[in-house]
Novice: 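My questions will all concern the structure given below.
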Amino acid sequence: MLDLESIFSSDGVLSASIPGFHVRSQQLEMAQAIADSIEKHQVLVAEAGTGTGKTVAYLVPALLLGGKVIISTGTKTLQDQLFERDIPMVRSALKVPVTIALLKGRANYICHYHLEKTVQDTHATFANRDEIKYLHHIERFAKHSTTGDKSSLKDVPENASIWQMVTSTRDNCLGSECAHFKQCFVMEARKQALSADVIVVNHHLFFADVMLRDEGLSELLPACNTVIFDEAHQLPETASLFFGESISTGQLLDLVHDAKVEAIQSAAEVTALANVIAATEKATRDLRLTIPEDNTRLSLAMLKHNTSFGPALDNLLETMTALVKLLESQAERSEGLENCRQRAANHLYMVQNWRNEAELSDHVRWVEVYHQALQLHATPLNVAEIFARQMNASPRAWIFTSATLSVKKDFSHYNDEMGLAAAQTACWDSPFNFAEQAVLYVPTDLPEPHHRQYTDHVVQVALPVLRASRGRAFFLCTSLRAMQRVHELLVQSDEFDYPLLLQGQGSRSYLLDQFRALDNAVLIGSQSFWEGVDVRGDALSLVIIDKLPFASPDDPVLSARIEKMNNEGRNAFMEYQLPRAVINLKQGAGRLIRDETDRGVLMICDPRLITKTYGKQIWQSLPPMKRTRELAEVERFFAERENASTL
Ligand code: SF4
């Protein structure tokens, strides 16, 4: 029988070996609930407020009882943190001989085959001189690295375009046909994952490869006794993405590029092949050019007004059909050409499916447009059934945990979305004293959020609060446009004199380092800073949120889901949009108080929090802070804090 009480006690093994370990009843209870679910192969959905210590709460029972465990996190940074710091720390405290493996998506590992091709390709074009220098670094690194993980090669920036030329995709990997198969980094990482006791993955990899598609990983999930999702609030979004079908012009251009290289090397005299490859490239680029907008999502209904999109798509289908035919006749000349044939046939099938309205009828079809590419998506209207089917395949424990899964401790929205009808649910409040540590401030006199100059009004009411907090704030906006406007107004304001940082002016980690170092900065951000950001201490004393974070109803997937629910006689706003907004808001608000000594103000500018009947449900879902609508009270709070810190 596992004695968790003793492990988590003040004289237990955790306390003896983890610096700064505090005894928290919530953490022990959570560990007990997880241990119980692991033993009974149950599904547990567990919300743990900030400061509960949920990572240690799930790691202890997972390492002691979990058997073979997959832990999936929201980001690669968290994945590295678990693998390099948290799991080794708990493992050594518990003195259990479990083996750990870190598994990332294949784009994170150097591919010997594509590296060699790129080095040998005399026609290769590089974005700039640095890329050639990077290629030499990568070549040297690949020779002595044991993992081939690109995050270990600090000399080459993570976003350098050379990475695309030296890594593989599921499409262009030759698998067991590859001459480098025995030394392959991707295959080695998978081999280690298959033999390890604990495997750390991320949600994208879990859904894209482990659960669904990639052959080499299909053995991983069936062999597992326990699956733990950290940051589980992100799963509905990720599952939608990966349970759907999508094909991008980028994938088609990659295919065209590889087919060109293979054709030159193995079928140079077949001019018809070169011609059809060129025609496919042109048809692919032409399709992108039919949509003038950038960075947008368009539904089929929106595309009906675009008279050139349909013909361009049909033209692409025609050239792709010709390409597949020609590749079929030449494929036996090389493994590379055979790989291109398979990919071309697969891509053609995807585009045909997307074009054919009779296919994928329970999916919403839409287009995502980037600066240089576009992606055709077919997203399921409901992921619950698909997910439930995958989960029921064999008995094991499934643990879903995050600081934000419920609305006022009600998990029905999350469970409905994920198909977790039979799940146990549990909720542990943060151990922090929110009534003492934080104030929720909702300013008066703001217009309705659809007002044309709403953001200008928000900045006006925010200025005195930013002065009272002496900067040290996150200004979180619900749209990029509002974020730019806030920045513009603060730069112009004579009443504002603190360093300003803006999302996009450097990587997220660079901006956060700057923010911590400056100690009086204001960071203006949008979605990137709503979650997964941990700034402790006085450097972050104020979080301003411009609007309640309702997702845009123009989003094709959201609007199709809303329509479906309303057609079924359900109330999509109360059942879907509101709970999603609450979960998002809790994430944004969660940036403020990160430990027992943090103090600060959460300013939510949206008047609907007070004027609408649903507003109460929203603020009651937030931690129990003191509430005010008086600026004077906020100023007093900051003044008292200043006095206390100078005593
Ligand atoms: S098996 Fe695939 S990933 Fe590995 S080296 Fe060959 S092509 Fe690259």
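These numbers come from a predicted model, not from an experiment. Every number for a ligand or one of its atoms is a count from 1 in the order of the listing. Start at 1 with the first residue, then count along the sequence.
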Novice: Counting distance only, does the side-chain N/O of R106 pair as donor-acceptor with the main-chain N or O of V186 below 3.5 Å?
Specialist: no
Novice: Under 2.8 Å from atom 6 (Fe) of ligand 1, is there an N/O/S atom belonging to C178?
Specialist: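 An N, O or S atom of C178 is closer than 2.8 Å to atom 6 (Fe) of ligand 1, so yes.
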Novice: Take Q372 and Y370 through the test side-chain hydrogen bond (donor to acceptor under 3.5 Å, both in side chains) and record every step on the way to the result.
Specialist: CA-CA 6 Å; Q372 301 213 341; Y370 306 101; over 6 Å; no
Novice: Need the ligand 1 atom indices (1-based, order shown) with element for anything under 4.0 Å from a heavy-atom of R106.
Specialist: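 Near R106, the atoms of ligand 1 are 3 (S).
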Novice: Determine the interplanar angle of the F229 and F207 rings, folded into 0 to 90°, and report it as parallel if under 30°, tilted if 30 to 60°, perpendicular if over 60°.
Specialist: parallel
Novice: With a cut-off of 4.0 Å, which atoms of ligand 1 are near a heavy atom of C111?
Specialist: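 So the answer, numbered in order with elements, is 3 (S), 5 (S), 7 (S), 8 (Fe).
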Novice: Taking atom types as modelled and ignoring hydrogens, do the side chains of S240 and R561 form a donor-acceptor contact shorter than 3.5 angstrom?
Specialist: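 Side-chain D/A pair, S240 to R561: present.
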Novice: Any idea how F141 and H144 line up, ring-wise: parallel (<30°), tilted (30 to 60°), or perpendicular (>60°)?
Specialist: perpendicular
Novice: Atom 7 (S) of ligand 1: which protein heavy atom is closest, and how many Å away?
Specialist: L174 N, 3.5 Å
Novice: Can you list the ligand 1 atoms lying under 4.0 Å from a non-hydrogen atom of H112?
Specialist: 5 (S)
Novice: Side chain, backbone, both or neither: which part of C173 comes within less than 4.0 Å of ligand 1 when only heavy atoms are counted?
Specialist: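 Within the 4.0 Å criterion, C173 contacts ligand 1 through backbone and side-chain atoms alike.
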Novice: Side chains of N353 and E245: any donor to acceptor distance under 3.5 Å?
Specialist: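 Side chains of E245 and N353: no pair found under 3.5 Å.
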Novice: Does ligand 1 have any atom that is closer than 4.0 Å to a heavy atom of Q183?
Specialist: no
Novice: Return the closest protein heavy atom for atom 3 (S) of ligand 1 as residue, atom name and distance.
Specialist: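 Nearest protein contact, heavy atoms only, for atom 3 (S) of ligand 1 is S168 OG, 3.5 Å.
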Novice: Mind checking whether atom 2 (Fe) of ligand 1 has an N, O or S of C184 under 2.8 Å?
Specialist: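 Given the 2.8 Å cut-off, C184 does not count as a ligand of atom 2 (Fe) of ligand 1.
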Novice: Check for a donor-acceptor pair, side chain of R91 on one end and backbone N or O of L94 on the other, with a separation under 3.5 Å.
Specialist: no
